[in-house]
Amino acid sequence: MDIPYLGDHVRWYQHHTNRFRQGPETSKPVPKINNLDTSIFKNMNMIIWIIAGPLSFSGRLITLTFLPSHGTFLGLSDNQVAWLIAIDAISNFFGRLSIGIIGDMIGNVNTYFISMLLTTLSIFVLWMLAYSFETLLIFAIVYGVVSGGYAVLSAPVAVDIVGVTKYPSAMNFTMLFHALDILLPVFASHQASRDIGSGDPFWAYKVIAGVRYTICTMCAIVLKLRMSSRWDAKV
């Protein structure tokens with residue numbers, strides 16, 4: 001099982017058992033859990049959140065797949081390329097911890113919006129202008145820190161939208177749509193092979209990844225407005 005999904009189920013189990021744990025004095029029935037409750041598709045907020053998932057993960061797959069090739073194309077050594085990926089992974093570790101803490105402080109959807117907005121900017125500003133080891137290293141650090149929003153917040157937001165009892169169904173259908181995580185980078189590679197853009201053979205990958213994070217940012221805005229009309233609300 002993928003580590004982000006394992007964390008999702010651990011967080012759900014803790015939330016579920018804490019909420020419905022039976023004590024010695026009072027006994028509350030545990031609600032029946034349906035693993036494939038299609039009624040979640042009646043909730044437009046959940047549909048928006050399901051759409052955001054594959055886009056978030058495929059954007060990261062595109063970046064991590066073609067960042068090493070980009071470095072090699074620029075003449076970097078194998079050690080330098082390896083350092084880029086290692087730095088991204090380390091930054092992503094600490095970034096996810098920070099995103100979780102910030103989510104508790106200002107709200108999960110608010111934090112996801114900030115994460116996707118900064119990720120979009122890192123793609124269109126830093127990666128677009130990265131043509132040396134130093135600039136790619138800066139991009140790897142910033143991108144690693146800010147790009148883990150969905151992996152951290154997918155479970156809490158799903159619970160906020162559909163509740164604890166429907167959470168298993170929400171995550172099961174979400175993981176089903178995550179099959180697109182593999183297909184979307186393939187589509188990106190196909191588009192890039194058509195030589196759109198001039199001079200930079202990785203221009204198309206940068207644009208496609210950035211556009212997907214832009215859509216995720218827009219999904220976050222729509223989701224926030226649907227959950228609360230106040231911009232300063234903690235959602």
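Values in this document were obtained by computation on a predicted structure and should not be read as measured data. All values below were derived from every heavy atom in this structure, side-chain atoms included, with hydrogens, water molecules and symmetry-related copies excluded.
Checked by atom type and distance alone, the side chain of Ser115 never pairs as donor or acceptor with a backbone atom of Thr111 at under 3.5 Å. Thr217 places a side-chain N or O within donor-acceptor distance of the main-chain N or O of Tyr213, the cut-off being under 3.5 Å.
Between Asp160 and Val235 there is no side-chain heavy-atom pair separated by less than 4.5 Å. The side-chain heavy atoms of Pro68 and Ile85, taken from C-beta on, include a pair separated by under 4.5 Å. In this structure, Leu76 and Leu84 have side chains that are in contact, with non-hydrogen atoms separated by less than 4.5 Å. Side-chain atoms of Thr135 and Leu129, non-hydrogen and from C-beta on, never get closer than 4.5 Å to each other. Counting only heavy atoms from C-beta outward, the side chains of Val152 and Leu97 never approach each other to under 4.5 Å.
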May I have the step-by-step check of salt bridge (charged side-chain N to carboxylate O under 4.0 Å, His left out) for Asp88 and Arg60, ending in yes or no? CA-CA 11 Å; Asp88 173 87; Arg60 182 159 176 80; 2.7 Å; yes
Between Ser56 and Tyr112, does the side chain to side chain donor-acceptor pair (under 3.5 Å) criterion hold? Intermediate values first, please. CA-CA 11 Å; Ser56 297; Tyr112 177 73; 3.0 Å; yes
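Atom CG in Asn45 sits 12.0 Å away from atom CD1 in Ile40 (nearest 0.5 Å). Note that CD1 of Ile62 is 9.0 Å distant from CD1 of Ile123, once rounded to the nearest 0.5 Å. Rounded to the nearest 0.5 angstrom, Ser39 OG and Met46 CE are separated by 11.5 Å. In this structure, the separation between OG on Ser154 and CG on Asn108 is 10.0 Å, given to the nearest 0.5 Å. Atom CG of Leu153 sits about 10.0 Å away from atom CD1 of Ile102, to the nearest 0.5 Å. The CD1 atom of Ile138 sits 12.5 Å away from the CD1 atom of Ile87 when rounded to the nearest 0.5 Å.
Defined by atom type and a distance below 3.5 Å, a donor-acceptor pair is missing between the side-chain atoms of Asn110 and Lys234. Between the side chains of Ser77 and Asn79, not a single donor N or O lies within less than 3.5 Å of an accepting N or O. Side-chain atoms of Tyr143 and Ser91 include no donor-acceptor pair closer than 3.5 Å. Side-chain contact of Ser122 with Thr119: a donor-acceptor pair under 3.5 Å is absent, judged by distance alone.
In this structure, the ring of Phe66 has its center no less than 6.0 angstrom from the ring center of Trp127. Between Phe173 and Phe41, the gap from one ring centroid to the other is short of 6.0 Å.
Annotation: Met227, atom CE; neighbour count of heavy atoms from other residues, nucleotides and ligands within 6.0 Å is above 12. The number of heavy-atom neighbours closer than 6.0 Å to CZ of Phe177, taken from other residues, nucleotides and ligands shown, is 12 or below.
The two residues Gly53 and Tyr150 come nearest to each other via the heavy atoms CA-CZ, 3.3 Å.
Annotation: cation-pi pair Lys206/Tyr131 present, NZ/CZ under 6.0 Å from the ring centroid and within 45° of its normal.
Clustering ILVMFWY residues whenever any of their side-chain heavy atoms sit less than 4.5 angstrom apart, transitively, puts Met171 in the very cluster that holds Val164.
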